[in-house]
There are 2 protein chains.
Amino acid sequence: MTAGDTARPLRADARRNRDRVLAVAREAFAEEGPDASLNEIAQRAGVGPGTLYRHFPTRRTLQAAVLGDRIQRLAGRADELLTTAPPGEALAGWMRALLEHGRTDHGLGGAMMAEPLDVGFDCHATIRAAAERVLGGAQRAGAARPDLSCDDVIQLVVGIALSTVQGDPGRSERLLGLVLDAVLVRDPG
Amino acid sequence: MTAGDTARPLRADARRNRDRVLAVAREAFAEEGPDASLNEIAQRAGVGPGTLYRHFPTRRTLQAAVLGDRIQRLAGRADELLTTAPPGEALAGWMRALLEHGRTDHGLGGAMMAEPLDVGFDCHATIRAAAERVLGGAQRAGAARPDLSCDDVIQLVVGIALSTVQGDPGRSERLLGLVLDAVLVRDPG
DNA sequence: ACCTGAACACCGTTCAAGT
DNA sequence: ACCTGAACACCGTTCAAGT
């Protein structure tokens, strides 16, 4: 199920307009960040402002829709890692993926996690569930500190993303490494 | 020396206007966050928009001026802690102070650290110097990991501030504790 | 030297009118 | 049922005119 799924199908032209707006918004957020002009997005998509607002009543709704499949992929990546890597590495790898997600679109990914409100499909719940899976796996294997919650993991990583959006990715990785030292339990080998 | 010091003294009315704007901006940022309307600040201060822009050509300039003395106090707190607490506790205490700073004014404190550009007096340099002092002290005493840079410390703490501005302070402290586990060297006692 | 405030281009948002 | 686009209130920013 995709982020944009609604109760019953849209009329053909409505669906097309929605997709157009979404495609343009994707580019706009990538280029100009989360505060890109909505009117300009509507214009570039060839629709009136009203049409944009009909489909996405608030800016956050549009942001959530843009991030939707990215978040789905992020959740899927958790299960992928759990079957292809040892638990500790799976957790570390997923945190790396979350970090990258947080940095996308000039920090839009991280910003959405930093604000409590949820829109459309529940981004928070999806990410939290994925975090719980990788963290739980690592904890049961004794590879991660047992007193950690998935919110701890998420907020630490999102924090790194937000404090380094402007800088180079190398800084992000460096900081993630430091946090991992507090999260992972040293392998006695 | 205060943040607002300029080369030569202002005319009396100019100085008064500047102070008025600054006082109103302080309230506005505290209430509405870093994006508070500049026009409204000018109006509430009883000056025209042009006057505000004359004194603070960009929003960041105004933000820096508002945060100025807070940053001075934060830097002073470093030295205070270094003389009243053992090195490891001084570092931890200062990081706590930095965390609180990052959360002020709806995250304005943290946001300014997350963007590279500097305005007016150099906020970054002031904070980095303070961080270097407490971190260096702790490292020389063997209380902190020797491979850490002051940027590591700052960005980790600022990240926590940014990812928890909306939530309760308890979450911030919790996450700071986790980061401290990676920063401090366990006391063998 | 400094202030004022009208003016401009822009933004988000709404809503009557259309199809 | 959906779209359009004019309209409104607002914002940041500038600048000629004043003192």
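Letters go in sequence order (proteins before strands), and every chain restarts at 1.
As rounded to whole Å, 19 Å separates atom C1' of dT13(C) from atom CZ of R60(A). The CD-C1' distance, from E32(B) to dC10(D), rounds to 14 Å in whole Å. One atom, CG of L38(A), and another, P of dT14(C), lie 12 Å apart when rounded to the nearest Å. Across the protein-nucleic acid pair, R20(A) atom CZ and dC3(D) atom P stand 11 Å apart, rounded to whole Å. Atom C1' of nucleotide dC10(D) and atom CD of Q43(B) are separated by 12 Å, given to the nearest angstrom. Atoms CG (L52(B)) and P (dT13(D)) sit 10 Å apart, rounded to a whole Å. Taking atom CZ on R18(B) and atom C1' on dC3(C), their separation rounds to 16 Å, with Å as the unit. Look at CD on E40(A): it is 17 Å from C1' on dC11(D), rounded to the nearest Å.
Relative to the side chain of A14(B), the nucleotides dC2(C), dT13(C), dT13(D) differ in distance, and dC2(C) lies closest. In this structure, of dC3(C), dG12(C), dC3(D), it is dC3(D) that holds the atom nearest to the side chain of R54(A). Nearest to the side chain of N39(B), among dG12(D), dG5(D), dC11(C), sits dG12(D). With dC11(D), dC2(D), dG12(C) as the candidates, the nucleotide lying closest to the side chain of Y53(A) is dG12(C).
Between R11(A) and T51(A), it is R11(A) whose nearest contact on DNA chain D lies nearer the 5' terminus.
For the pair E100(B) and R103(B), the salt-bridge criterion is not met [side-chain N within less than 4.0 Å of a carboxylate O]. A salt bridge links R26(B) to D69(B): one of the charged nitrogens lies within less than 4.0 Å of a carboxylate oxygen.
The only member of D147(A), D151(A), D152(A) that meets side-chain hydrogen bond (donor to acceptor under 3.5 Å, both in side chains) when paired with S149(A) is D152(A).
Between S37(A) and the phosphate of dG12(C), there is a side-chain N or O to OP1/OP2 separation shorter than 4.0 Å. One finds no side-chain N or O of H55(A) lying less than 4.0 angstrom from the OP1 or OP2 phosphate oxygen of dC2(D). One finds a side-chain N or O of N17(B) lying less than 4.0 angstrom from the OP1 or OP2 phosphate oxygen of dC3(C).
Summarising the base pairing, dG5(D) is matched to dC15(C) through a Watson-Crick or G-U wobble pair whose two defining distances lie under 3.5 Å.
The two residues C150(B) and R128(B) come nearest to each other via the heavy atoms SG-NH2, 3.9 Å.
Applying the 6.0 Å contact sphere to CZ of R44(B) captures more than 12 heavy atoms from other residues, nucleotides or ligands.
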